[in-house]
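Below is one structure, written out as structure tokens, with a few remarks after it.
Predicted model, so just to flag it, every value in this text is computed and none were measured.
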There are 2 protein chains.
Amino acid sequence: MGRPKVAILSSDLIATAAMDLVSAQGGFTIPELARRLKVSPSSLYNHVSGREQIIELLREKAMSEVRLPDLTGPWIDVVGDIVRSYYRSYARYPRLIPLMTAYPVGSHQAVAMYDALAVTLAGAGFNAEDTLRIITLIDSFVLGSALDVAAPAAPWGDGLDAGPELAAALATGAAKSDRAADAFEFGLVVLLRGLGTP
Amino acid sequence: MGRPKVAILSSDLIATAAMDLVSAQGGFTIPELARRLKVSPSSLYNHVSGREQIIELLREKAMSEVRLPDLTGPWIDVVGDIVRSYYRSYARYPRLIPLMTAYPVGSHQAVAMYDALAVTLAGAGFNAEDTLRIITLIDSFVLGSALDVAAPAAPWGDGLDAGPELAAALATGAAKSDRAADAFEFGLVVLLRGLGTP
């Protein structure tokens with residue numbers, strides 16, 4: 001009795017194959033996914049209800065490395081730690097981001113993170129309306145920053161007719177191997193300072 | 001002599017067709033573009049050098065409605081006005097955003113906007129390194145916020161197991177027809193406040 005030659009289809013295998021397609025080409029279709037897994041499209045539907053559920057599996061995968069800190073510390077440190085972990089997690093999958101914002105959030109891991117943010121911000125004294133706005137700001141900043149990770153090493157074309165101020169600014173980035181991560185950390189400090197006191 | 005029955009191919013027609021494909025399906029290939037324009041792929045190359053140049057034409061199109069304010073006002077107002085105009089421009093084409101960050105910037109309109117930001121920030125007293133970080137923060141915030149415009153009307157799935165703080169925050173968004181634009185404006189104020197004084 002040898003081991004089975006064909007991996008048994010599971011939602012986990014489906015998610016891994018879908019993530020490979022997204023990383024390679026920025027998206028996936030059900031027929032492409034079935035071809036990659038060497039199964040028929042209909043057998044996929046024995047494991048997932050459809051495209052929307054697969055996208056939730058991808059969100060779950062991307063969020064699975066978000067580590068929530070102890071929520072009892074100073075709120076500004078707690079929010080900063082959550083945002084850093086959220087960024088590190090999505091920076092691994094920049095091509096996933098457009099799919100994430102185009103579909104409703106439903107994954108358990110995502111809800112746990114947003115819950116932690118809402119509890120922390122409400123505890124700090126922000127009202128419900130500002131809590132949602134701050135969560136939206138964090139989402140926009142993190143996802144925009146993670147997209148920047150997929151930017152070319154030289155995000156500015158050669159021979160641009162930039163003025164001296166822009167040219168001087170760009171030169172400081174060209175000298176940094178971690179330009180995107182450096183800018184993210186700077187932006188996070190600006191954002192937290194701007195939130196001020198509730 | 002009637003008018004010609006077939007529109008003469010131009011880089012403008014190519015850009016319009018490429019934008020239609022991006023809006024409909026999130027991307028384009030040269031063969032798809034040629035099919036849509038009812039020409040051969042090789043005739044496209046008489047007008048554009050390739051995919052990268054088409055993407056620059058799309059960037060130019062998206063940036064064409066950015067209005068640069070008089071740069072002599074208070075720097076914080078000038079930066080705020082540029083960021084608002086940049087956001088309004090990209091909010092029309094949320095599906096274009098992943099393509100924008102994946103290719104180097106080369107368009108004249110984009111350079112003019114980044115130049116205006118760099119001149120304003122340098123004039124305010126920010127050094128070259130922070131000027132680039134602030135421009136990167138603005139890019140991440142604007143592009144992330146514009147992606148949010150493409151989010152579903154109810155960006156959170158039904159039946160989420162959200163805690164009371166998150167549920168209360170989400171309820172304030174459900175009541176707003178302009179949830180994304182409202183959050184953008186809030187975020188911009190936070191960001192400008194966080195920049196503080198150079």
Side-chain angles (χ1 to χ4, degrees), chain A residues 26-27 95 97-98 101-106 108 111 114-115 118-119 121-122 128-133 135-137 139-145 147-148 150-152 154-157 160-163 165-166 168-173 180 182-184 186-187 189-196, chain B residues 26-27 95 97-98 101-106 108 111 114-115 118-119 121-122 128-133 135-137 139-145 147-148 150-152 154-157 160-163 165-166 168-173 180 182-184 186-187 189-196:
Chain A
R95 300 196 73 177
I97 290 165
T101 56
Y103 284 82
V105 173
H108 173 75
V111 173
Y114 291 116
D115 255 337
V119 166
L121 292 166
E129 188 172 24
D130 282 353
T131 293
L132 180 62
R133 288 160 163 162
I135 288 176
T136 306
L137 169 58
D139 261 343
S140 296
F141 170 61
V142 167
L143 299 181
S145 299
L147 273 179
D148 188 33
W156 300 77
L160 276 186
D161 195 19
E165 295 85 355
L166 180 58
L170 293 176
T172 68
D182 170 82
F184 165 78
F186 175 90
V189 170
V190 167
L191 195 153
L192 293 174
R193 192 193 301 137
L195 287 178
Chain B
R95 300 196 73 177
I97 290 164
T101 56
Y103 283 82
V105 174
H108 174 75
V111 173
Y114 291 117
D115 256 337
V119 167
L121 292 166
E129 189 173 23
D130 282 352
T131 293
L132 180 63
R133 288 161 164 163
I135 288 176
T136 306
L137 168 59
D139 261 343
S140 296
F141 170 61
V142 167
L143 299 181
S145 299
L147 274 179
D148 189 33
W156 299 78
L160 276 188
D161 194 19
E165 295 85 355
L166 180 58
L170 293 176
T172 68
D182 169 82
F184 165 78
F186 174 90
V189 170
V190 167
L191 198 150
L192 292 174
R193 191 192 301 137
L195 288 178

Counting heavy-atom pairs under 4.5 Å with chain B, the top scorer among A:Ile97, A:Asp130, A:Leu121 is A:Asp130

What part of B:Ala122 gets closer than 4.5 Å to chain A, counting heavy atoms only: side chain, backbone, both or neither? side chain

I'd like to verify something: which residue of B:Ala183, B:Gly27, B:Ala162 has the highest number of heavy-atom pairs under 4.5 Å with chain A? B:Ala162

Among B:Ala180, B:Gly144, B:Ser140, B:Gly196, which has the most heavy-atom pairs under 4.5 Å with chain A? B:Ser140

Worked verdict on B:Leu166 versus A:Ile135 for side-chain contact (heavy atoms from CB on, under 4.5 Å): CA-CA 10 Å; B:Leu166 180 58; A:Ile135 288 176; 4.1 Å; yes

Could you list the residues that satisfy side chain to side chain donor-acceptor pair (under 3.5 Å) with B:Asp182, not counting sequence neighbours? A:Arg133, B:Lys176

When heavy-atom pairs shorter than 4.5 Å are enumerated against chain B, which of A:Ser145, A:Ala169, A:Ala168, A:Ala118 gives the highest number? A:Ala169

Say whether, by atom type as modelled, one donor and one acceptor occur between the side chain of B:Asp115 and the main chain of A:Gly163 under 3.5 angstrom. yes

Side chain, backbone, both or neither of B:Thr136 within contact of chain A (heavy atoms, under 4.5 Å): side chain

Checking A:Phe184 now: which residues fulfil ring-ring contact (aromatic ring centres under 6.0 Å, His included) with it, not counting sequence neighbours? A:Tyr87, A:Phe141

Would you give the length of the straight line joining atom CG of B:Leu195 to atom CZ of A:Arg193, rounded to the nearest 0.5 angstrom? 7.5 Å

Supply the atom-to-atom distance B:Leu191 CG to A:Leu137 CG, rounded to the nearest 0.5 angstrom. 7.5 Å

Just give me the residue among A:Ala171, A:Gly26, A:Gly187 that pairs up with chain B most often, heavy atom to heavy atom, under 4.5 Å. A:Gly187

Reported CG-to-CG distance for the pair A:Leu143 and B:Leu147, which is rounded to 0.5 angstrom: 7.5 Å

